2 protein chains.
Amino acid sequence: MNNKSIVIKKAWAKDRRFELKDGAGSDAVHTTPIYAYAVCILETDSALEGSGLAFTLGQGNEIVCSAINHLVKHIEGKEINELMSDFGTVYKEMADDPNFRWLGPHKGIVQLALAAIVNACYDLWAKSTRLPLWKLLIDLSPEALVNTLDFSYYEEVLTKREAVSLLNDQKEGLEARQSIIHSGYPGYDTSIGWFNYDDQKISDNILKAMDNGFTAMKLKVGSKDPERDIRRAELVRKIAGDGATIMFDANQQWNLPQAISICEKLIELNPYWIEEPTHPDDVQAHVTIAKQVDVKLALGEHVPNKIMFKNFIQSGCLSFNQVDAVRVGGVSEFILISLLSRKYGIPVVPHVGDMGQIHQHLVLFNHITVGHPALLLEHIPHLQEYFKFPVQIKDAKYTTPQEPGMSSDLLD
Amino acid sequence: MNNKSIVIKKAWAKDRRFELKDGAGSDAVHTTPIYAYAVCILETDSALEGSGLAFTLGQGNEIVCSAINHLVKHIEGKEINELMSDFGTVYKEMADDPNFRWLGPHKGIVQLALAAIVNACYDLWAKSTRLPLWKLLIDLSPEALVNTLDFSYYEEVLTKREAVSLLNDQKEGLEARQSIIHSGYPGYDTSIGWFNYDDQKISDNILKAMDNGFTAMKLKVGSKDPERDIRRAELVRKIAGDGATIMFDANQQWNLPQAISICEKLIELNPYWIEEPTHPDDVQAHVTIAKQVDVKLALGEHVPNKIMFKNFIQSGCLSFNQVDAVRVGGVSEFILISLLSRKYGIPVVPHVGDMGQIHQHLVLFNHITVGHPALLLEHIPHLQEYFKFPVQIKDAKYTTPQEPGMSSDLLD
């Protein structure tokens with residue numbers, strides 16, 4: 001590893017927003033999204049610049065930027081390798097910034113701000129070693145890795161020592177799992193059936209996705225008219241065929257009785273999962289759905305922190321963990337949640353607020369180092385022209401990125 | 001009721017902060033608080049002005065103000081009586097403001113902003129009827145009252161119809177409960193033992209509190225050194241006497257193993273409750289504490305919304321519900337949570353981020369109309385000089401406020 005000193009001279013936030021076209025990105029709750037990033041930029045005493053993303057739907061993105069500017073004092077002036085050697089401690093200092101934490105704690109805008117800063121630090125760290133993030137992470141010793149994590153409030157479920165041991169246990173089969181670097185991580189097409197798309201467009205998109213090699217794809221449901229959901233879901237199954245892996249995503253739209261009623265109908269179409277069936281804070285409602293309906297539930301994009309994930313994981317209702325590193329407290333909290341999820345045997349299938357740019361690194365790490373199965377990484381093509389190194393998809397698989405950092409630099 | 005038309009012409013946010021002196025307000029996690037309000041001001045076409053509070057600890061208060069300014073568009077131009085006749089619908093529109101909700105949903109800064117706006121609406125409504133809020137609320141028909149609430153995601157636990165029925169059931173004994181208006185609502189002294197106070201100051205404060213008629217008081221615990229907690233707790237019990245009602249408040253400081261260990265010791269001092277023993281998102285950890293230790297738990301000041309409260313209430317770990325109308329989505333969400341809590345037989349003992357100004361109204365309503373027992377309302381004297389109509393305490397009881405509105409107007 002290159003240990004050249006790189007000092008963070010100044011850090012600040014950028015507000016970047018991108019219009020979407022023709023109904024792209026629409027779901028049952030967010031019908032006219034604007035994809036946006038609150039970006040934390042780390043200026044250093046070298047030519048390197050760290051860049052960290054938090055994802056929003058546009059409105060209020062400037063407020064996340066204000067919160068970033070409040071928190072960056074914790075990392076300004078720090079040398080990056082030194083900072084990352086005990087990043088768990090600094091993470092906790094930022095998460096528990098005195099008085100500021102009262103605005104959360106550990107949720108909402110202050111947590112998104114934390115995400116952007118934390119991600120910028122990992123990005124700069126990887127760039128400083130001239131490695132892509134996935135390579136930096138899989139090369140770290142278990143001890144160095146867990147030092148970047150904050151285990152507080154995980155004492156009863158996962159201690160630092162237990163995490164090291166879990167990582168050491170994965171050394172068996174590690175070499176075989178590294179083959180994913182060359183074969184590429186499988187993707188699924190999340191964009192065939194946005195909420196505002198009509199039937200014809202969905203049909204066309206499914207055929208195009210299949211032409212491109214995708215066998216897994218997701219449909220937005222959660223209509224006020226359940227018949228519309230059923231009709232569209234049947235359409236997807238019919239055109240994609242019985243062999244296709246299909247998922248339905250309600251984006252929190254249903255209340256509990258509605259969720260049970262419609263999930264009971266949707267399972268006849270054999271979905272791989274049903275996503276965000278109801279309010280993301282409602283662990284108990286998800287437990288009820290999972291008990292009453294024979295369905296696998298996926299969620300995570302609106303679960304704000306490791307504590308809520310712990311409760312979801314412990315509750316037994318979560319079949320697929322969709323933690324997103326640009327929605328929780330960045331790569332650090334993502335990895336901690338991923339470790340706990342591994343302990344409980346729940347696969348991680350990230351939501352990609354980053355359009356997959358960062359998560360293409362994290363799923364490789366999750367598979368190779370943490371021993372998670374290599375299932376599917378969401379693929380969403382709408383912002384590719386804005387990234388410096390956009391993800392490359394070949395035969396429905398992510399081509400392993402080779403550029404240093406976490407591939408989240410945006411073009412100016 | 002006076003139905004004179006009052007139109008909200010313009011609404012905006014004010015950032016008000018107040019320094020505390022000599023360790024007042026300090027707790028195990030927030031050692032140097034600044035008490036602050038993000039205030040929503042409603043300017044009308046009359047001389048009346050609505051004023052709504054959300055409480056923070058200073059840092060980032062301006063960010064809450066930005067969020068208020070984003071959301072006020074939903075109520076600008078509205079006539080107040082018309083607005084309040086179906087306020088539940090408008091509440092949901094604000095809580096689910098398209099795309100902005102992605103910054104929560106229903107938690108953190110966007111929820112605090114909602115609180116300030118909602119509270120300003122209830123304040124203006126009460127002023128427009130020339131009634132103190134408690135009187136306005138107890139005079140409302142059950143139907144008019146529930147129309148100010150948003151029952152979404154409560155379908156399986158409390159429907160609007162069930163809430164009306166619950167309120168109608170309380171008519172028995174209502175007259176007797178109204179005697180509280182004259183006798184005054186009992187208070188407890190929350191300021192005898194802030195975290196940074198030394199033993200002498202705590203002793204002096206206890207004696208002063210008892211001189212003033214208080215028989216209930218709270219000590220801050222959660223020290224890194226459990227012996228300090230025990231020593232101070234023993235001091236309070238010794239000086240206040242066996243007949244005193246004492247509570248211990250850890251402000252989220254302990255992890256689960258620590259909480260169990262120290263709560264097992266603290267219960268020997270017969271506390272009325274132990275407050276916020278661990279992370280406020282961790283329902284499961286609270287369930288474990290409540291199962292393993294014979295202790296009554298109180299919490300709520302960091303539970304952001306009705307969904308999380310629902311989960312806490314359903315879980316069986318909550319003995320005292322400390323919902324705070326300046327921390328959840330204002331008076332509207334406070335009342336909804338209070339109704340659910342009543343259904344489950346859990347008393348509401350609010351946290352008073354408002355220094356009791358608003359909650360002195362709400363506990364009267366809770367007792368008289370909702371049928372909650374009249375237990376104790378937190379009393380915290382530190383900001384009295386800043387309010388236009390500061391709470392009046394006589395013989396450790398709140399004197400029922402008579403001025404129109406919710407008593408939360410701040411002096412300029």
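Basis for what follows: all heavy atoms, side chains included, without hydrogens, waters or symmetry-related copies. Chain letters run A, B, ... following the sequence lines, proteins first, then strands; residues in each count from 1. Because the structure is a prediction, the values reported are computed rather than measured.
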Per-residue contact mode, B/Pro105 against chain A (heavy atom under 4.5 angstrom): both
Part of B/Val157 lying under 4.5 Å from any heavy atom of chain A: neither
Chain B contact via A/Ile109 - side chain, backbone, both or neither, heavy atoms under 4.5 Å: both
Contacting moiety of B/Pro98, where chain A heavy atoms sit under 4.5 Å: backbone
Can you check whether chain A and chain B share any donor-acceptor pairs under 3.5 Å, and give the atom names and distances if they do?
residue	atom	partner	partner atom	Å
B/His30	NE2	A/Arg101	NH1	3.0
B/Thr32	O	A/Asn99	ND2	3.0
B/Phe55	O	A/Trp102	NE1	3.4
B/Asn99	ND2	A/Thr32	O	2.9
B/Arg101	NH1	A/His30	NE2	3.0
B/Arg101	NH1	A/Gln252	OE1	3.3
B/Arg101	NH2	A/Gln252	OE1	2.8
B/Trp102	O	A/Arg327	NH1	3.3
B/Trp102	O	A/Arg327	NH2	3.2
B/Trp102	NE1	A/Phe55	O	3.4
B/His106	ND1	A/His279	NE2	2.7
B/Lys107	NZ	A/Asp281	OD1	2.8
B/Lys107	NZ	A/Asp281	OD2	3.1
B/Tyr153	OH	A/Gln252	O	2.4
B/Glu155	OE2	A/Asn255	ND2	3.2
B/Gln252	O	A/Tyr153	OH	2.4
B/Gln252	OE1	A/Arg101	NH1	3.3
B/Gln252	OE1	A/Arg101	NH2	2.8
B/Asn255	ND2	A/Glu155	OE2	3.3
B/His279	NE2	A/His106	ND1	2.7
B/Asp281	OD1	A/Lys107	NZ	2.8
B/Asp281	OD2	A/Lys107	NZ	3.1
B/Asp281	OD2	A/Asn305	ND2	2.8
B/Asp282	OD1	A/Asn311	ND2	2.8
B/Asp282	OD2	A/Lys310	NZ	2.5
B/Val283	N	A/Asn311	OD1	3.1
B/Gln284	N	A/Asn311	OD1	3.0
B/Asn305	ND2	A/Asp281	OD2	2.9
B/Lys310	NZ	A/Asp282	OD2	2.5
B/Asn311	OD1	A/Val283	N	3.1
B/Asn311	OD1	A/Gln284	N	3.0
B/Asn311	ND2	A/Asp282	OD1	2.8
B/Arg327	NH1	A/Trp102	O	3.3
B/Arg327	NH2	A/Trp102	O	3.3

Choice from A/Ile34, A/Leu103, A/Val64 maximising heavy atom contacts with chain B below 4.5 Å: A/Leu103
